[in-house]
Novice: 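Encoded as structure tokens, here's the structure I'll be asking about.
Because the structure is a prediction, the values reported are computed rather than measured. Basis for what follows: all heavy atoms, side chains included, without hydrogens, waters or symmetry-related copies.
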Amino acid sequence: MTTTKKARQSWSSQLTYVLTVAGATVGFGATWRFPYLVGENGGGAYVLLFCIAMIVIGIPMILVENVIGRRIQRNSVDAFSGEANGKPIRSAWKILGYMGLLGAFGILAYYMVLGGWVLTYIGSLISGKLDLASPVTIETTSAFFSEHIKDSPSTILLYTALFVGVNYLILAKGIMDGIERSVKYLMPILFLFLLVMIVRNVTLPGAWEGISFYLIPDFSKITKELFVFVLGQVFFALSLGFGVLITLSSYLDKKENLVKTATITAVVNTLIALAAGFMIFPSLFTFHVAPNSGPTLVFQSLPIVFSHMWAGSVFATIFFGLLIIAALTTSLTIYEVLITVLQEKTRLTRRAAIALTLSAIFVLGNIPSVLGDNQWQAVRMMGLSIFDAFDYVSGNVLFILTALGSAVFVGFVLKDEAKKELNSSPRLTALWFNYVKYIIPLIILVIFVNSL
């Protein structure tokens, strides 16, 4: 482990940084959200546009946040301060950092509850409450979801608190000894579980029908609206606009090649998202389960599939184990955004900052998100439940505006400082800079207007 002149820790290697960023960007975005969006939006057409969008906007925006984060190696708020081109940066730009914090809070408010859902399924599979030893119907899985998820707030709060507690134990060990070390073990396990599920599903009879739906695009499904949806998913999948990549890259050594790490990050994220489809769609088509069942795909449709498999309960447990690992590697890094700001802008110790952050989000975010589906279901925000409102505001407003502001900040404030930080070939640097300055903001504005 090395240190900078400000005694700031840095990642022990490029591999551990890439694995950590991969863990941060995989999460439910790749394993839960991506598959159901593919199922709802034309299968292969969505996948094709997703791959294109990762190149068009994913890699350039990763570089934007990398440059901002590594430039002065501070937290995601103070990263928008200092000097640029010999002039002090106006303090108003810190608003972007604070918007990212609000977005991170909103994501964690419901994200941790999803983790509680997954732990509930794992516990129920192990205890036998959810028995997949013989075929079940959608009525059975829907009844289970209603009884054990929607109508059991105390159980979900308990499992959510357990998930939060695991995060605390890892975070308390620090950015390197905690997050980096845990990711070194968690990501290989995630890859192993993913491989097991893919092998199991692509060898099922009738799997090719699901694979063809997933990979062969129906070009009639490709519309400008679909492209906007896909661009939004790229932002969600890469955790852009939450301050995650700004925070993680603030610990990145100045010698690291940002273009290389950004490209690897985008490729790994895309491959894992694509792999998630291979572990889901072949089995859906084999057992004639509709692929367009939306957000409930993982929790209500897939258990039907597992119940038709040999050793279905075992594979279901592996699958939900994969989900919780993906969720953990993401939640750790989103928490770190808030913790780093709190620790660096106050005199709190790290443990105190962690305890305050996790407990505040649990009380103000996780509890309302759980109760919003039952005791507090009459409470509506913009016509949405509390759970859905946190998702909508953070995912459709805050993170897009923060990303837009970040691109403008690089293009019109940092300017030559950004080019210097990128430290790549003059031609590539100029291409990226002008693209970020003039094109990316227009793309993000289109996404924002169409997401409202």
Side-chain angles (χ1 to χ4, degrees), residues 19-20 22-36 111-133 136 141 144-145 148-149 155-156 158-167 169-170 179 181-204 268-269 271-284 295-333:
L19 283 176
T20 303
T25 58
V26 171
F28 286 130
T31 57
W32 166 65
R33 201 169 190 262
F34 179 76
Y36 87 70
Y111 200 93
M112 304 308 291
V113 175
L114 281 174
W117 291 8
V118 175
L119 286 176
T120 300
Y121 271 78
I122 293 174
S124 298
L125 285 164
I126 294 173
S127 67
K129 288 181 181 178
L130 179 59
D131 186 5
L132 302 181
V136 299
T141 58
F144 177 87
F145 186 84
H148 295 277
I149 302 294
T155 300
I156 299 303
L158 179 62
Y159 276 114
T160 301
L162 175 62
F163 189 42
V164 172
V166 172
N167 277 263
L169 293 175
I170 296 174
I179 296 178
R181 184 171 295 177
S182 64
V183 166
K184 283 183 180 179
Y185 294 101
L186 290 173
M187 290 304 288
I189 295 173
L190 185 148
F191 293 145
L192 176 62
F193 282 8
L194 192 58
L195 181 61
V196 169
M197 293 305 302
I198 290 172
V199 170
R200 181 68 188 96
N201 280 283
V202 299
T203 55
L204 289 169
V268 170
N269 183 280
L271 290 177
I272 294 177
L274 293 176
F278 280 106
M279 73 173 178
I280 290 175
F281 290 104
S283 59
L284 290 178
T296 63
L297 176 68
V298 164
F299 296 102
Q300 294 187 41
S301 297
L302 280 183
I304 299 173
V305 170
F306 289 122
S307 73
H308 285 83
M309 289 184 182
W310 172 80
S313 293
V314 174
F315 285 105
T317 304
I318 292 173
F319 173 77
F320 284 107
L322 183 154
L323 289 188
I324 203 65
I325 291 172
L328 180 60
T329 57
T330 300
S331 60
L332 287 170
T333 51

Novice: Nearest 0.5 Å, what's the CD1-OH distance between Ile280 and Tyr36?
Specialist: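 Between atom CD1 of Ile280 and atom OH of Tyr36 there are 12.5 Å.
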Novice: Partners of Phe278 by ring pair (Phe, Tyr, Trp, His ring centres under 6.0 Å), sequence neighbours excluded?
Specialist: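 Phe278 satisfies ring pair (Phe, Tyr, Trp, His ring centres under 6.0 Å) with Tyr214 only.
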Novice: Anything under 3.5 Å between a donor and an acceptor, one on a side chain of residues 314-324, the other on a protein residue two or more places apart or in another chain? List them.
Specialist:
| unit_1 | atom_1 | unit_2 | atom_2 | d |
| --- | --- | --- | --- | --- |
| Thr317 | OG1 | Ser313 | O | 2.8 |

Novice: With sequence neighbours left out, what residues match Thr160 under side-chain hydrogen bond (donor to acceptor under 3.5 Å, both in side chains)?
Specialist: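 Thr160 satisfies side-chain hydrogen bond (donor to acceptor under 3.5 Å, both in side chains) with no residue once adjacent residues are dropped.
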Novice: Would you indicate whether the side-chain heavy atoms of Leu195 and Val199 approach each other to under 4.5 Å?
Specialist: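 Side chain of Val199 against side chain of Leu195, heavy atoms only: contact under 4.5 Å found.
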Novice: Partners of Ser331 by side-chain hydrogen bond (donor to acceptor under 3.5 Å, both in side chains), sequence neighbours excluded?
Specialist: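 Ser331: side-chain hydrogen bond (donor to acceptor under 3.5 Å, both in side chains) contacts with Asn167.
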Novice: Considering only distance and modelled atom types, tabulate donor-acceptor pairs under 3.5 Å from the side chains of residues 113-124, sequence neighbours left out.
Specialist:
| unit_1 | atom_1 | unit_2 | atom_2 | d |
| --- | --- | --- | --- | --- |
| Thr120 | OG1 | Gly116 | O | 2.8 |
| Tyr121 | OH | Phe299 | O | 2.7 |
| Ser124 | OG | Thr120 | O | 2.8 |

Novice: Could you measure the distance from the CG atom of Leu194 to the CD1 atom of Ile189? Nearest 0.5 Å is fine.
Specialist: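 So the CG of Leu194 and the CD1 of Ile189 are separated by 13.5 Å.
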Novice: Check for a donor-acceptor pair, side chain of Thr141 on one end and backbone N or O of Gln300 on the other, with a separation under 3.5 Å.
Specialist: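 Between the backbone of Gln300 and the side chain of Thr141 there is a qualifying donor-acceptor contact (under 3.5 Å).
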Novice: Is the shortest heavy-atom distance from the side chain of Trp310 to the side chain of Arg200 under 4.5 Å?
Specialist: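 Yes. Closest side-chain heavy atoms under 4.5 Å.
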Novice: Taking the side chain as every heavy atom from C-beta outward, state whether Leu328 and Thr330 have any atom pair closer than 4.5 Å.
Specialist: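 Heavy-atom side-chain distance check fails, nothing below 4.5 Å.
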Novice: Less than 4.5 Å apart, any side-chain heavy atom of Pro35 and any of Val298?
Specialist: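 Result no, sub-4.5 Å side-chain heavy-atom pair not found.
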Novice: CE/Met309 to CG/Leu204 distance, rounded to the nearest 0.5 angstrom?
Specialist: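 Met309 CE to Leu204 CG: 5.0 Å, rounded to 0.5 Å.
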Novice: Could you give all pairs that pass the side-chain hydrogen bond (donor to acceptor under 3.5 Å, both in side chains) test and reach residues 271-284, with sequence neighbours left out?
Specialist: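 Checked against side-chain hydrogen bond (donor to acceptor under 3.5 Å, both in side chains) - neighbours excluded - the pairs reaching residues 271-284 are Asn201-Ser283.
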Novice: Check ring pair (Phe, Tyr, Trp, His ring centres under 6.0 Å) between Phe193 and all other residues, then give those that pass, not counting sequence neighbours.
Specialist: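 Ring pair (Phe, Tyr, Trp, His ring centres under 6.0 Å) list for Phe193, sorted by chain: empty.
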Novice: CD1/Ile325 to CZ/Phe191 distance, rounded to the nearest 0.5 angstrom?
Specialist: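 Ile325 CD1 to Phe191 CZ: 11.0 Å, rounded to 0.5 Å.
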Novice: Determine the sole option in Thr329, Val166, Ile170 for which the side chain to side chain contact (heavy atoms under 4.5 Å, CB included) test with Ser182 is passed.
Specialist: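 Single side chain to side chain contact (heavy atoms under 4.5 Å, CB included) partner of Ser182 among Thr329, Val166, Ile170: Ile170.
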Novice: Would you please name every residue forming a side chain to side chain contact (heavy atoms under 4.5 Å, CB included) with Leu169, sequence neighbours left out?
Specialist: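 Leu169 satisfies side chain to side chain contact (heavy atoms under 4.5 Å, CB included) with no residue once adjacent residues are dropped.
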Novice: Report the residues that fulfil ring pair (Phe, Tyr, Trp, His ring centres under 6.0 Å) with Phe163, sequence neighbours left out, ordered by chain and then residue number.
Specialist: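 Result, ring pair (Phe, Tyr, Trp, His ring centres under 6.0 Å) vs Phe163: none returned.
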